J.: 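Before anything else, here's the structure in question.
Source: prediction; values computed, not measured. Below, chains carry the letters A, B, ... as their sequence lines are ordered, and counting in each starts from 1.
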Amino acid sequence: MAQAVQQTFSQTRLGIGPPITDGFYYDFEPPQPFTPEDLEKIESAMRKIVKEGQRFKRRVTNEAEALKELAHEPYKCELIGIKGSGNDETSVEVGGTELTIYDNLGRDGQPVWSDLCRGPHLPSTKHIPAFKLMRSAGAYWRGSEKNPMLQRIYGTAWPSQDELNAYLELLAEAEKRDHRRLGQELDLFSFPEEIGSGLAVFHPKGGIVRRAMEDYSRKRHEDENYEFVYSPHLTKAALFQKSGHLDWYSEGMYPPMIMDEELHADGTIKRAGQQYYMKPMNCPFHNLIFQSRQRSYRELPLRLFEFGTVYRYEKSGVLHGITRARGFTQDDAHIYCTKEQMPGELDSLLTFVLNLLRDYGLQDFYLELSTRNPEKSVGEDHDWEEATEALRKAAVAQKLELVLDEGGAAFYGPKISVQAKDAIGRTWQMSTIQVDFQLPQRFELEFASADGSRQRPVMIHRALFGSIERFFGVLTEHYSGAFPPWLAPVQVVGIPVADSFAEYLSGVIKEMKASGIRADLDDSDDRMQKKVRNAQMQKIPYMVIAGEEDMKAGAVSFRYRNGEQKNGIPVAQAIAEIKATIAAREQV
RNA sequence: GCCUCCCUAGCUCAGUGGUAGAGCAGCUCACUUGUAAUGAGCAGGUCAUCCGUUCAAUCCGGAUGGGGGGCUCCA
């Protein structure tokens, strides 16, 4: 591709071009950013190169030679410099032990183009059966926002045209189930411009799904002996000074509101005002609840739970529908326990988390354990070791794949995160369980132990969904909007074959409603076929249809989302079937 | 925040330097036919906002807001 780019746009300088999952990219510094038409030109130049069957020849070189040869490529020279200086930063261009240049040889055996690269390469460009350039985008040179922005071209490459097509179909499928698109099509939520970027409103149908999600979560938390608390969305600055958030997180917070400030006529401050912040986290509030009176070891573990809505001023570029927003609600809990209780607590917590996620329909998980970064961390060595070991044991007990994220923990404690795969194989980070050595100290949390001494509790942060909105988005994509009945905004729609059966069916729907089913009658002027189509597009799990035959028999006929039907089911039996599926949280 | 592309009716999208159209949805009327679109009519838009260029801007330029794809980030 780089050859094609330089053929087409000779002023373009080369950056880095590694292979990635499903394909490759290459960073360039072109005179003008690439347009979609440019990509087409480049792609046809590439096809020509592939057709020519240029052979790749590996050539070992040294720093001085390479610098001379690539003097016109400043970025490549920088890479050679890194390599030469013994910096061990691995780069696809200069990795390994020696500098290599690959020459592309034309039919006559003469080099037509060369590039610094670690390799390996295919023997010839003929061995590239299927590829496609996907998009161009800006990317910082060597991934640092302090560096200049280059233009990156992404491509995908496959061993066969069929596999390329399959990949493109997967992308199309992902686009179809994009929660932002489904959020609009199914009337679940929206982001009115008037409110502000990253701030969502939930519509009635989205509200039903969300409430069903929350209600079930609440119930399960009750079973696990969590206690429910509430805290305000606003607080004076002092609280976040105490927690330390203002020191290291202020750029992620909405700026303060200054209340009751008095100014002199010249604009100088007569009386300082109070600063109030929107909360970006709930933990300081829960700590204050813990601290509200003397605590005893008998109360531990104390598990405080809240659906806490927080506000974070995320950079505009990272916002993504409802999965990455500026205002969102965490299913947040903080567990205060003794050191001795910690291992058991972590173990049962992880089991609880995984089982709950399974109840929502996610099946495929792996765990990631983030350990201490010695450079940046607070707390005692043995505390870290103990906590990390407890997390590891809990993880191993789940018999799931465990990935180690060495040194990836936050400075205040190790954590474990649950990664879940969705219906089309994409991975989402879901729950996190995080041990905190920092906040109990900052808040001087204490409890009276059995011997009367004052001890500091261990604090565990945990969120199962991460945020309800985000989990909502993930489930929407996982189910492609076809929620299982227990979550579906409308569970049943009644469709009379013709107007004259509407009254009969209306009675059936009423009966369903009375037994707690979310059922509606479609008594619009549309034809039956149109009603079926509408219900189908709304992804309603059950269509209950009635005509002459059903009415005579006191029955209804089912049409399921997959188009299957079951006719002449007695009303009581139909209701029982629906209720059982809802209660079991099964998908249909 | 940075690079880049985009913003026309509720939605999906045509279109033009001389102030706009379709399909679906909506409303009205008629019709109603066992499992994915009955027909007719009506209504609906400061062409995101503001500022320039121009005799004239939805169209050209700039700024702001919102969005897409990436980069960086995600305590």
Side-chain angles (χ1 to χ4, degrees), chain A residues 25 27 29-30 32-36 38 134-154 175 178 180-181 184-185 187 190-199 240 243-253 280-281 283 310 312-321 323-325 328 376 409-413 415 429 432 434 436 438-439 461 466-467 470 495-502 523-538 543-551 556-561 563-568:
Chain A
Y25 68 81
D27 288 343
E29 186 188 61
Q32 307 284 330
F34 299 113
T35 65
D38 291 343
M134 304 303 285
R135 65 175 72 91
S136 67
Y140 296 109
W141 169 238
R142 295 177 56 213
S144 164
E145 48 184 330
K146 293 184 188 77
N147 287 336
M149 178 76 69
L150 304 182
Q151 294 298 311
R152 176 172 298 178
I153 299 181
Y154 284 91
E175 199 181 318
D178 190 310
R180 293 166 300 181
R181 176 185 172 139
Q184 184 180 77
E185 286 175 1
D187 198 13
S190 62
F191 288 88
E193 202 178 307
E194 291 84 341
I195 301 180
S197 189
L199 299 167
F240 286 117
S243 68
H245 287 107
L246 275 175
D247 292 337
W248 78 80
Y249 192 61
S250 56
E251 78 288 355
M253 294 166 66
M281 328 195 98
C283 17
V310 297
R312 302 180 182 183
Y313 199 77
E314 303 285 1
K315 290 185 187 176
S316 59
V318 307
L319 298 171
H320 185 84
T323 59
R324 192 83 188 270
F328 56 92
K376 281 196 311 187
F411 69 90
Y412 53 81
K415 77 166 178 199
Q429 178 175 321
T432 56
Q434 172 115 42
D436 189 338
Q438 159 98 348
L439 281 185
H461 306 251
S467 90
R470 184 182 141 81
I495 300 177
V497 167
D499 231 11
S500 47
F501 312 109
D523 56 358
S524 66
D525 278 351
D526 291 321
R527 296 279 191 285
M528 163 197 192
Q529 283 86 343
K530 180 66 176 292
K531 294 180 182 184
V532 169
R533 177 183 155 84
N534 286 344
Q536 200 77 49
M537 291 203 303
Q538 286 298 304
M543 280 167 245
V544 165
I545 298 174
E548 184 74 40
E549 292 167 33
D550 292 302
M551 191 165 79
V556 292
S557 294
F558 277 115
R559 179 189 162 102
Y560 300 91
R561 273 191 296 226
E564 275 174 31
Q565 40 177 300
K566 215 157 72 180
N567 299 326

J.: Measure from CE on A:M149 to C1' on B:C73 and round the result to the nearest Å.
T.: 13 Å
J.: Rounded to whole Å, how long is the line connecting atom NZ of A:K146 with atom P of B:G1?
T.: 18 Å
J.: Does A:Q565 reach a base, just sugar-phosphate, or nothing at all? Heavy atoms under 4.0 Å.
T.: base
J.: Mind checking salt bridge (charged side-chain N to carboxylate O under 4.0 Å, His left out) for A:R533 and listing every partner two or more places apart, or none if nothing turns up?
T.: none
J.: What protein N or O atoms touch nucleotides 42-44 of chain B N or O atoms at under 3.5 angstrom, if any, and at what distances?
T.:
none

J.: Is a donor on one side and an acceptor on the other found under 3.5 Å between the side chain of A:Q438 and the backbone of A:G413?
T.: no
J.: Is A:R152 side chain donor-acceptor paired with the B:C71 base, going by distance under 3.5 Å alone?
T.: no
J.: With sugar-phosphate meaning primed atoms plus P, OP1 and OP2, does A:E548 contact a base, only sugar-phosphate, or nothing at under 4.0 Å between heavy atoms?
T.: base
J.: Touch check for A:F191, heavy atoms < 4.0 angstrom, all strands: base, sugar-phosphate only, or nothing?
T.: nothing
J.: Using a 6.0 Å cut-off, check whether atom CD of A:E175 has over 12 heavy atoms from anything other than its own residue.
T.: no
J.: Distance check needed: B:C71 C1' versus A:E29 CD, whole Å only.
T.: 16 Å
J.: Distance-only, no hydrogens or angles: does the A:K415 side chain make a donor-acceptor pair with backbone N or O of A:H461 under 3.5 Å?
T.: no
J.: When rounded to the nearest Å, what value does the distance between P atoms of B:C59 and B:U49 take?
T.: 10 Å
J.: In whole angstrom, what separates A:E194's CD from B:G65's P?
T.: 15 Å
J.: With the side chain counted from C-beta on, respond yes when A:V310 and A:F328 share a heavy-atom pair under 4.5 Å apart, and no when they do not.
T.: yes
J.: Quick one: label A:G252 by what it contacts on the DNA or RNA (base, sugar-phosphate, nothing), any heavy atom closer than 4.0 Å.
T.: nothing
J.: Between B:G15 and B:A22, how many Å separate the two P atoms, rounded to a whole number?
T.: 15 Å
J.: Indicate the atoms forming the closest heavy-atom contact of A:W248 with A:S243, along with that distance.
T.: CH2-O, 3.4 Å
J.: Would you check if the side chain of A:E564 reaches a backbone N or O of A:R559 as a donor-acceptor pair within less than 3.5 Å?
T.: no
J.: Per the atom types in the model, does the base of B:G1 pair as donor or acceptor with the side chain of A:Y313 at under 3.5 Å?
T.: no
J.: Let me know the distance between CD1 of A:I495 and P of B:A37, rounded to the nearest Å.
T.: 12 Å
J.: In this structure, how many angstroms lie between the P atom of B:C3 and the NZ atom of A:K315, rounded?
T.: 13 Å
J.: Is there a donor N/O on one and an acceptor N/O on the other, under 3.5 Å, for the side chain of A:S557 and the base of B:G34?
T.: yes
J.: Using the test salt bridge (charged side-chain N to carboxylate O under 4.0 Å, His left out), find all partners of A:E193 that sit at least two apart in sequence or belong to another chain.
T.: none
J.: Could you tell me the separation between the CD atom of A:E251 and the C1' atom of B:C74, rounded to a whole number of Å?
T.: 11 Å
J.: Please work out if A:R324 contacts a base, only the sugar-phosphate, or nothing of the nucleic acid, heavy-atom cut-off 4.0 Å.
T.: base
J.: As a test of reading the structure: which of B:G70, B:A36, B:G66 is closest to the side chain of A:M537, going by heavy atoms?
T.: B:A36
J.: Please list each protein N or O that sits under 3.5 Å from an N or O in nucleotides 9-14 of chain B, with the distance.
T.:
unit_1 : atom_1 : unit_2 : atom_2 : d
B:C11  : O3'    : A:Q184 : OE1    : 2.9
B:U12  : OP1    : A:Q184 : OE1    : 3.4

J.: Look at the side chain of A:A139 and decide which nucleotide, out of B:G1, B:G65, B:C71, has an atom nearest to it.
T.: B:C71
J.: Any base atoms under 4.0 Å from A:F34, or only sugar-phosphate, or nothing? Heavy atoms, all strands.
T.: nothing
J.: So what does A:G198 touch, heavy atoms closer than 4.0 Å: a base, only the sugar-phosphate, or nothing?
T.: sugar-phosphate
J.: Rounded off to whole Å, could you give me the CG-to-C1' distance for the A:L199 and B:G65 pair?
T.: 14 Å
J.: What's the closest nucleotide to the side chain of A:Q151 if the choices are B:C3, B:G67, B:A36?
T.: B:C3
J.: Heavy atoms under 4.0 Å, any strand shown: does A:S197 hit a base, just sugar-phosphate, or nothing?
T.: sugar-phosphate
J.: Have a look at A:R135 and say if it touches a base, only the backbone sugar-phosphate, or nothing, with a 4.0 Å heavy-atom cut-off.
T.: sugar-phosphate
J.: For A:V318, report the nucleic acid contact type (base, sugar-phosphate, nothing); a contact means any heavy atom under 4.0 Å.
T.: base
J.: Please map the stems of RNA chain B, keeping only stretches of three or more Watson-Crick or G-U wobble pairs with both distances under 3.5 angstrom.
T.: B:1-7 with B:65-71, B:10-13 with B:21-24, B:26-30 with B:38-42, B:48-52 with B:60-64
J.: If a protein heavy atom is under 4.0 Å from the base, mark B; if only from the sugar-phosphate, S; if neither, -; do that for nucleotides 23-32 of chain B going 5' to 3'.
T.: --S-----BB
